[in-house]
Peer 1: 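What follows is a single structure, and I will ask about it in a moment.
Every chain is numbered from 1 and lettered A, B, ... according to where its sequence line falls, protein lines coming before strand lines. Fair warning: this is a prediction, and the values are worked out from it, not measured in the lab.
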2 protein chains.
Amino acid sequence: MGKGRRVMQLDDRKKQVLHAIVDDYVSTNEPVGSKALIERYDFRVSSATLRNEMAELEKLGYIEKPHTSAGRIPSDRGYREYVDSLMTVDQLSPEEQLAIQANIDESVDEVTDLIKNATQTLSKQTGFVSLAMSPRLRKSFLTQLKILMIEPGKALVVMVLSAGVVKDKVVRIPNFITDEQMFKISSAVEKHLTGKPLDEITLVTVETSVTDTEIPNPLLKQVLYEAYTAIKQADELNIYLEGEHRMLELPDFASLGRARELLGTLSDSSMVAGYVNEMQGCAEEKGQEDTYMIRIGQEIALEGLEDCSFITATYNLSDSVSGNIGIIGPKRMEYSKVISQIDFVKKTLNEKIKKLK
Amino acid sequence: MGKGRRVMQLDDRKKQVLHAIVDDYVSTNEPVGSKALIERYDFRVSSATLRNEMAELEKLGYIEKPHTSAGRIPSDRGYREYVDSLMTVDQLSPEEQLAIQANIDESVDEVTDLIKNATQTLSKQTGFVSLAMSPRLRKSFLTQLKILMIEPGKALVVMVLSAGVVKDKVVRIPNFITDEQMFKISSAVEKHLTGKPLDEITLVTVETSVTDTEIPNPLLKQVLYEAYTAIKQADELNIYLEGEHRMLELPDFASLGRARELLGTLSDSSMVAGYVNEMQGCAEEKGQEDTYMIRIGQEIALEGLEDCSFITATYNLSDSVSGNIGIIGPKRMEYSKVISQIDFVKKTLNEKIKKLK
DNA sequence: GTTTAGCACTCGAAGAGTAGGAGTGCTAAT
DNA sequence: ATTAGCACTCCTACTCTTCGAGTGCTAAAC
């Protein structure tokens with residue numbers, strides 16, 4: 001009666017009850033009833049009291065009933081409250097830490113492989129789908145750019161970026177450009193672009209980089225255009241998804257329909273990539289770059305993922321260059337466990353990236 | 001009685017019956033009974049006669065009963081007979097041809113992308129999982145090899161192969177090698193290896209390619225070793241799988257268990273790659289390079305694919321360099337349709353590869 | 001000898017009915 | 001505010017039954 005309406009704060013006991021409901025449902029996959037709650041957690045009250053509390057929690061939208069005479073399951077909002085203020089994230093056991101460290105193989109030469117490794121490990125450890133976004137390279141700058149002739153009409157643009165990443169692209173060029181001409185162009189472009197962040201490089205920047213007048217203009221223009229597309233392509237987002245088949249092992253997706261929708265959506269990886277990127281954008285606006293992004297159930301704006309949760313963390317290639325790594329699992333998951341797993345994988349990944357340099 | 005026992009040849013009517021059973025089962029997904037057969041195909045005999053024929057076909061192992069009082073379904077052997085001698089493969093309709101051609105986008109610069117495109121198209125058209133093996137490059141030879149310094153301790157080995165493929169690998173090198181030293185090494189190695197097929201290049205070949213004595217031997221040896229690993233890596237097989245989620249749409253995999261096994265196996269792509277490569281090896285031994293490889297049900301030596309069929313064709317990058325493209329679908333598929341689809345995709349891919357050069 | 005009609009039998013799929021039980025909300029007493 | 005008690009709900013699992021498609025076999029017909 002005397003309580004505020006708009007920003008209803010849960011009292012301590014309600015929090016306890018919600019906490020217990022989430023824990024129980026996550027571990028048993030059964031709607032939890034007042035009786036089960038009394039039996040498994042030591043509330044000093046009767047089941048009737050709990051029933052009242054649960055009725056209120058339901059009215060407030062934290063839990064819901066699958067049908068009239070069943071126990072309660074957490075709603076999206078319930079999970080959200082759990083994640084935001086109820087759970088405690090503790091460290092992984094030494095064995096788990098070891099398993100992860102052993103699994104992320106550092107005997108690779110490219111960051112990309114390291115990231116893939118970390119992603120595979122994450123999926124294996126959690127049993128869910130894991131994903132990694134390639135580093136967002138727009139803030140990184142060119143340290144080298146070479147255009148190599150491959151054969152008449154084809155050249156390879158090789159770019160080395162400040163984050164230590166190497167990108168390249170085969171491009172088509174006019175047939176009759178000579179090696180020397182190409183070398184000149186390559187040097188001029190490199191000289192002009194070195195040190196520039198990718199997102200500041202426009203077609204104009206590239207076109208104005210060569211002042212040599214010996215090369216016929218149309219030829220030059222085409223080469224420069226191709227170089228530009230190569231640079232833009234280096235900046236493109238890639239996503240790497242791993243462990244889709246593991247979703248079929250989960251009771252949450254035992255109904256073919258759900259599984260189908262889920263895998264269908266995940267198969268369009270560019271869509272997922274776009275979404276993750278958007279999420280990242282939101283987080284950055286709010287200045288939450290270093291923390292986790294957690295989306296639960298309906299909060300995910302992707303069809304087919306209504307029963308999933310999405311958790312990602314940020315790894316760093318360098319100060320200004322980062323990507324995301326995380327998982328997509330069922331809403332009904334051990335959030336604190338999974339978060340610490342992601343956290344540890346992220347940390348391990350960051351360390352091994354540093355070592356690689 | 002008077003017939004041969006060992007190589008039992010089916011008489012015409014038995015062939016007709018088997019043909020009809022396969023067709024019917026493929027289109028309805030219901031075990032086929034004698035009555036259904038009479039109704040839908042015009043056999044000029046009674047159902048009783050067909051029952052006798054079917055009993056014999058069963059005794060010979062071409063068809064089988066899911067349970068005592070059900071119709072018959074083709075056995076692996078039945079499908080095999082159907083594929084080998086009963087079906088006729090006809091051309092795709094112009095619309096289908098167009099759909100495929102339109103889908104394989106040729107506005108890409110690298111063969112790899114073209115192959116990916118073709119694979120995606122194939123999955124979309126058939127509704128099954130499609131796959132492509134990267135070209136087997138061992139027979140192709142180096143036309144260029146450059147080692148570029150990226151930063152102290154890191155270099156990029158770029159290889160251009162006769163098939164028009166570009167491969168590269170970042171390798172670690174001793175910190176204190178200078179640009180000039182590296183340039184010398186790179187040129188010497190390139191000169192020595194150009195024109196050699198990949199499978200003839202050994203560590204020794206690479207090590208003996210530099211005769212320059214100015215570079216301290218341990219340094220040189222390390223660089224050459226890394227170059228060698230890069231070359232070997234270029235020769236590695238890659239597989240590209242597409243459309244796994246489509247398998248969940250098929251009634252054949254409606255039981256979660258089957259689907260799980262299947263996707264589980266497919267998730268280990270290197271295993272699938274190994275198997276396809278082995279198949280290709282067998283086909284080459286028998287001199288069947290240019291035709292299709294078809295494996296049905298138990299013929300596939302991969303766990304979880306007992307209810308699948310595997311069909312691949314060969315695409316060519318150049319005379320001696322080829323890879324495979326094909327599908328994995330349920331045993332119960334329209335073989336002739338699928339084969340013509342694969343065939344047409346393969347042809348289209350081959351043409352577009354030529355254009356790309 | 002091959003084909004066919006007839007028939008008894010098998011066995012899975014589908015539906016109806018039933019019992020059980022976990023859980024709820026409400027009321028009245030503590 | 002808490003709790004015991006109770007009537008009520010409704011899902012789950014199980015059994016029982018029916019239905020029908022399909023089979024193999026036998027004996028007659030061609």
Peer 1: After noting the C-alpha distance and the side-chain angles of A:E261 and A:T265, does the key distance pass the side-chain hydrogen bond (donor to acceptor under 3.5 Å, both in side chains) rule?
Peer 2: CA-CA 6 Å; A:E261 269 187 77; A:T265 302; over 6 Å; no

Peer 1: Check whether NZ of the Lys or CZ of the Arg A:R295 lies under 6.0 Å from the centre of the six-membered ring of A:F310 and within 45 degrees of that ring's axis.
Peer 2: no

Peer 1: Compare side-chain N and O positions of A:K65 against OP1 and OP2 of C:dG25 and report whether any pair is under 4.0 Å apart.
Peer 2: yes

Peer 1: Expressed as a whole number of angstroms, how long is the span from A:L37:CG to C:dG23:P?
Peer 2: 10 Å

Peer 1: What is the separation between atom CG on B:L50 and atom C1' on D:dA21, rounded to the nearest whole Å?
Peer 2: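 Atom CG in B:L50 sits about 16 Å away from atom C1' in D:dA21.
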
Peer 1: A:T28: which residues meet the side chain to side chain donor-acceptor pair (under 3.5 Å) condition with it, sequence neighbours left out?
Peer 2: none

Peer 1: Can you name the residues that form a ring-ring contact (aromatic ring centres under 6.0 Å, His included) with B:Y79, not counting sequence neighbours?
Peer 2: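 Per chain and number, B:Y79 pairs via ring-ring contact (aromatic ring centres under 6.0 Å, His included) with B:Y335.
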
Peer 1: Please list, pair by pair, any protein nitrogen or oxygen found under 3.5 Å from a nitrogen or oxygen in nucleotides 3-6 of chain C.
Peer 2:
residue: C:dT3; atom: OP1; partner: B:R13; partner atom: NH1; Å: 3.1
residue: C:dT3; atom: OP2; partner: B:R13; partner atom: NH2; Å: 3.1
residue: C:dT4; atom: OP2; partner: B:S46; partner atom: N; Å: 2.7
residue: C:dT4; atom: OP2; partner: B:S46; partner atom: OG; Å: 3.3
residue: C:dT4; atom: OP2; partner: B:T49; partner atom: OG1; Å: 2.5
residue: C:dT4; atom: O5'; partner: B:S46; partner atom: OG; Å: 3.4
residue: C:dG6; atom: O6; partner: B:R51; partner atom: NH2; Å: 3.3

Peer 1: In plain terms, say whether A:K337 and A:E96 are close enough for a salt bridge, that is, a side-chain N and a carboxylate O under 4.0 Å apart.
Peer 2: yes

Peer 1: Identify each atom pair where a protein N or O and an N or O of nucleotides 9-16 of chain C are less than 3.5 Å apart, giving names and distance.
Peer 2:
residue: C:dT10; atom: O2; partner: B:S69; partner atom: OG; Å: 3.1
residue: C:dC11; atom: OP1; partner: B:T68; partner atom: OG1; Å: 3.3
residue: C:dC11; atom: O4'; partner: B:S69; partner atom: OG; Å: 3.2
residue: C:dC11; atom: O2; partner: B:S69; partner atom: OG; Å: 3.2

Peer 1: With sequence neighbours excluded, give me every ring pair (Phe, Tyr, Trp, His ring centres under 6.0 Å) pair touching residues 11-43 of chain A.
Peer 2: A:H19-A:Y82

Peer 1: When the distance from CD of B:E30 to P of D:dG20 is rounded to whole Å, what number comes out?
Peer 2: 16 Å

Peer 1: Can B:E56 and B:R13 be counted as an ion pair, charged N to O under 4.0 angstrom?
Peer 2: no

Peer 1: Between C1' on D:dC11 and CD1 on A:I73, what's the gap in Å once rounded to a whole number?
Peer 2: 15 Å

Peer 1: Return no unless some side-chain N or O of A:K35 is found under 4.0 Å from OP1 or OP2 of D:dA4.
Peer 2: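 Answer is no, no contact under 4.0 Å.
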
Peer 1: Does any pair with a residue in residues 15-37 of chain B pass salt bridge (charged side-chain N to carboxylate O under 4.0 Å, His left out), and if so which ones, sequence neighbours excluded?
Peer 2: B:D24-B:R40

Peer 1: Without decimals, in angstroms, what is the distance between A:Y25 OH and C:dG23 C1'?
Peer 2: 16 Å

Peer 1: Taking atom P of C:dC26 as reference, at what distance in whole Å does atom CD of A:E58 sit?
Peer 2: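 Interatomic distance, CD of A:E58 to P of C:dC26: 11 Å.
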
Peer 1: So, A:K124 and A:E242, do they make that salt bridge, N to O below 4.0 Å?
Peer 2: no

